[in-house]
Amino acid sequence: MGRTSNYCFDYPQTNASFTVTYVAGHITELDFPETHRKWNSCDPFTLFDAPVEVKHPQRVNELVRNIEIRARGSDMLMIWTDCDREGEYIGYEIAQVCQKVNRRIKIKRARFSAIIADQIHRAAQNPTNLDLAQADAVIARQMLDLRLGAAFTRMQCMALQNRFGNLLEGKLVSYGPCQFPTLGFVVSRYEQVKAFVPETFWYIYLALNRPGEQNGRGREDQTVFKWKRGHLFDFDVALMLYEMVLERPMATVKKVVKKNTKKWKPYPLTTVDLQKSGSRLLRMSAKQILDTADALYQRGILSYPRTETDQYDDQFDFGQYIQKQTSSPEWGAFATRLRQGEFSKPRKGKKNDKAHPPIHPTAYAGNLAGNEKKVYEYVTRRFLASCSKDAEGFQTTITVAVNGEEFSASGLLVLERNYLEVFPYDKWSSHELPPFEEGEEFMPTICELREGETTRPSLLTEADLVSLMDKNGIGTDATIAQHINTIVEREYVMERLEGNTKYLVPSTLGVGLVHGYNQIGLEKSLSKPQLRRETERSMVQVCDRIKTKDDMLQESIEQYKEVFILARREFNLIINKDQASLKVHKALKTVADEVEGMVEDEVEDQPAHPHLPTRMMIRGTDRHQLQAPDVE
DNA sequence: GCAAGGTC
């Protein structure tokens, strides 16, 4: 971070003299005391009730010392951290430091949600108090996460390494309340894919060859009509309807509906959205995208890249930022047009973290390359697109009936591309229908009973996973990418490239862990999102003072203790395979066999080791790191 | 050697 800075100035509006300094994130960390720190120092189960120490990590020593010096000579501490839960707790951490060296110091809190002069002044002149309930919620979550993570991680590692140490090569088999549900999503989709059985269906295919309106080249346009029933899985019924249609195959145009239509411009950009769009369109991982955006932020090119907000403040100065983009050879002309009157206020989404605006470019950068160029271009085009008008088109929908069965076709004429001109990531193009009139009749060119098959769902992409985590409240804008990274690093999950798309496939270890926990048969498995969602809900209750932090902690700890006891028993059964119950053993064998079939193509030159317990037939993509020993 | 959450 370099040298600590302090900015001093007078603020006549409140007759005060300010010294402004900073922290970067949390300044305290939790850990167990010496008695519980060593892995062999205690039974992991005791970690649920073990004491926990709060201390300043070494990296913040300089910052803390600086704050102490300032606090000694001040009457008041005013907290300006982000106005969210974590920000409230960071404020509390700072307050603790100050009070320790100056017992009489007054603690105040500035409330603001945007770096806009007017709002900063208002916050400075209307100080409030720290919301200790929010800080409590964070403390409780930290305690819970540490105890849970440590207890389960140690139990898993010790159990597995005792027996399979040679296989694991000292690898960490961690458990975390976010990483496990994340893994659970990958395994769950993988199993859906594996269990998929294609089903045959039938449908009536109806088409008419008729020249298009402006088609002067003599080519016949074919209009395909969609059957209103979609498709049927019962062949007899489909055949009966088809035969009925064939009896009187003349089609009558029932309705021609013409209406204006729009393709809406994108919402202001959040972190999760950037990661989803980015991994889909830019061929980068969620973590790469966030790291890149962060590097650009630190050079003053992008705004803060970790935000849940998809609405701009009413006082946001769009003109200033659009103006900066007018110098671009690629989208400068578009930016200029926005400045000249084509600007339209961005749509407002539903999310607001009250801490940061949506991600937007804060400077023009014309000399970027590689990933930085890709991310910058996406953010900038998205910003300009959100500041322009929706695309406009004209849609025609035709409904026809053939002996009582209905079919329809629709065409689109794009009239104004508007935001699409600067946002090539969205596709919307004209496909026009030849002219039809209500009441007219025609003889279809093609009328066939066709057969199709349901398609296998695809494995999870990283974009899918980010969406699932976001929807289920697993992780935050700042941590979602880290959790995905963790399960890849721990080799619970492998990345598999198919064509241009990267899919996530669980390893045998990943599947084994999830199945192991599911095997316990609890409704709320550790591999599912419910428990984490409950933690989140409890935190909100603590914030709303419906519950105390001690109650939250106690309730959650009890719940996890039960799971722990069952899980440990299960693990021991698996490990002492002589004593393993038949049921557990069979389940694990099935898992291993099924997995083997699925990842076979990745490991074909690695022979199976039938003497190994099936649960531990670990296979990674990287054989150099994770290889079964040769025991010929 | 354990977590998740900040952020550099």
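Here is the naming used below: chain letters follow the sequence lines, and residue numbers restart at 1 for every chain.
- Of the candidates B:dG1, B:dT7, B:dA4, B:dT7 carries the atom nearest the A:Ala478 side chain, counting heavy atoms from C-beta on.
- One finds no side-chain N or O of A:His36 lying less than 4.0 angstrom from the OP1 or OP2 phosphate oxygen of B:dC2.
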Problem set entry | Residue pair A:Arg532, A:Asp145: steps toward the salt bridge (charged side-chain N to carboxylate O under 4.0 Å, His left out) verdict | CA-CA 10 Å; A:Arg532 187 60 182 182; A:Asp145 287 348; 2.9 Å; yes
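- Among the atoms of the strands shown, none is found under 4.0 Å from any heavy atom of A:Gly87.
- OP1 and OP2 of B:dA4 both lie 4.0 Å or more from every side-chain N or O belonging to A:Arg147.
- Rounded to a whole Å, the CD atom of A:Glu29 is 14 Å from the P atom of B:dA4.
- Taking a cutoff of 4.0 Å between a charged side-chain nitrogen and a carboxylate oxygen, A:Glu88 and A:Arg85 do not qualify as a salt bridge.
- Rounding to whole angstrom units, NE2 of residue A:His26 and C1' of B:dC8 are separated by 15 Å.
- Between the NZ atom of A:Lys287 and the P atom of B:dT7 there is a distance of 16 Å, given to the nearest Å.
- Aromatic rings of A:Phe18 and A:Tyr7 (six-membered ring for Trp) have centroids beyond the 6.0 Å cut-off, not under it.
- Nearest to the side chain of A:Thr153, among B:dA3, B:dT7, B:dG5, sits B:dA3.
- Nearest to the side-chain atoms of A:Cys178 among the listed nucleotides B:dC8, B:dA4, B:dA3 stands B:dA4.
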For this session: Apply side chain to side chain contact (heavy atoms under 4.5 Å, CB included) to A:Asn129 and A:Lys108, showing your working.
Result: CA-CA 5 Å; A:Asn129 294 316; A:Lys108 283 289 170 187; 2.9 Å; yes
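- Within residues 543-568 of chain A, no residue is approached by DNA chain B to less than 4.0 Å at the level of any non-hydrogen atom.
- Each of A:Asp136, A:Asp551, A:Asp131 was checked for a salt bridge (charged side-chain N to carboxylate O under 4.0 Å, His left out) with A:Arg545, and the lone residue meeting it is A:Asp131.
- Electrostatic pairing of A:Glu562 and A:Lys524 does not count as a salt bridge here, judged by no charged N lying under 4.0 Å from a carboxylate O.
- Residue-environment remark: CD (A:Gln58) stays at or below the threshold of 12 foreign heavy atoms within 6.0 Å.
- Across all strands shown, A:Leu148 has no heavy atoms under 4.0 Å from either base or sugar-phosphate atoms.
- For the pair A:Arg141 and B:dG5, the criterion of a side-chain N or O lying under 4.0 Å from OP1 or OP2 is not met.
- Ring-to-base geometry places A:Trp39 in a stacked arrangement with B:dG1 (centre distance under 5.5 Å, plane angle under 30°).
- Counted within 6.0 Å of CZ on A:Phe9, heavy atoms from surrounding residues, nucleotides or ligands total more than 12; the atom is thus considered enclosed.
- A salt bridge is defined here as a Lys NZ or Arg NE, NH1 or NH2 lying under 4.0 Å from an Asp or Glu carboxylate O, and A:Asp49 with A:Arg147 fails to meet this definition.
- The side chain of A:Gln179 sits closest to B:dA3 out of B:dA3, B:dC8, B:dC2.
- Between A:Arg306 atom CZ and B:dG5 atom P there is a gap of 13 Å when expressed in whole angstrom units.
- Using a cutoff of 4.0 Å between basic side-chain nitrogens and carboxylate oxygens, A:Lys350 and A:Glu308 are not scored as salt-bridged.
- No hydrogens or angles were tested; on distance alone, nothing pairs the side chain of A:Glu93 with the base of B:dT7 as donor and acceptor under 3.5 Å.
- Of the listed nucleotides (B:dT7, B:dG5, B:dG6), B:dG6 has the atom at the smallest distance from the side chain of A:Ile90.
- In the region residues 349-365 of chain A, proximity to DNA chain B at under 4.0 angstrom, judged on heavy atoms, holds for none of the residues.
- Atom CG in A:Asp84 sits roughly 19 Å away from atom P in B:dA4 (whole-Å rounding).
- Salt-bridge check for A:Lys276 with A:Glu462: failed, with every basic side-chain N at 4.0 Å or more from each acidic carboxylate O.
- Between A:Pro57 and A:Ala151, the residue anchored closer to the 5' end of DNA chain B is A:Ala151, taking for each the nucleotide with the nearest heavy atom.
- The environment of CZ in A:Phe32 is crowded: more than 12 heavy-atom neighbours from other residues, nucleotides or ligands sit within 6.0 Å.
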Exercise. So A:Phe316 and A:Tyr321, ring pair (Phe, Tyr, Trp, His ring centres under 6.0 Å) or not? Walk me through it.
Worked result: CA-CA 10 Å; A:Phe316 189 87; A:Tyr321 297 109; 5.4 Å; yes
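- What separates CG of A:Leu183 from P of B:dA3 is a distance of 14 Å, to the nearest Å.
- Using a 4.0 Å heavy-atom criterion, one finds that A:Arg85 contacts no nucleic acid atom at all.
- Considering only side-chain N and O atoms, A:Thr476 lies nowhere under 4.0 angstrom from the phosphate OP1 or OP2 of B:dA4.
- The stretch residues 291-299 of chain A touches DNA chain B through A:Asp294, A:Tyr297, A:Gln298, each having a heavy atom under 4.0 angstrom from the strand.
- Within the 4.0 Å cut-off from OP1 or OP2 of B:dG5, at least one side-chain nitrogen or oxygen of A:Thr479 is found.
- Salt-bridge check for A:Lys171 with A:Glu491: passed, with a basic side-chain N closer than 4.0 Å to an acidic carboxylate O.
- Counting to the nearest Å, the P atom of B:dG1 and the CD atom of A:Gln156 are 18 Å from each other.
- Between A:Arg59 and A:Asn40, the residue anchored closer to the 5' end of DNA chain B is A:Asn40, taking for each the nucleotide with the nearest heavy atom.
- Across all strands shown, A:Ile27 has no heavy atoms under 4.0 Å from either base or sugar-phosphate atoms.
- The side chain of A:Gln482 sits closest to B:dT7 out of B:dA4, B:dT7, B:dC2.
- In this structure, CE of A:Met539 is placed 12 Å from C1' of B:dG6, rounded to the nearest angstrom.
- A:Tyr175 comes within contact range of the sugar-phosphate backbone alone, with a heavy-atom separation under 4.0 Å but no base atom that close.
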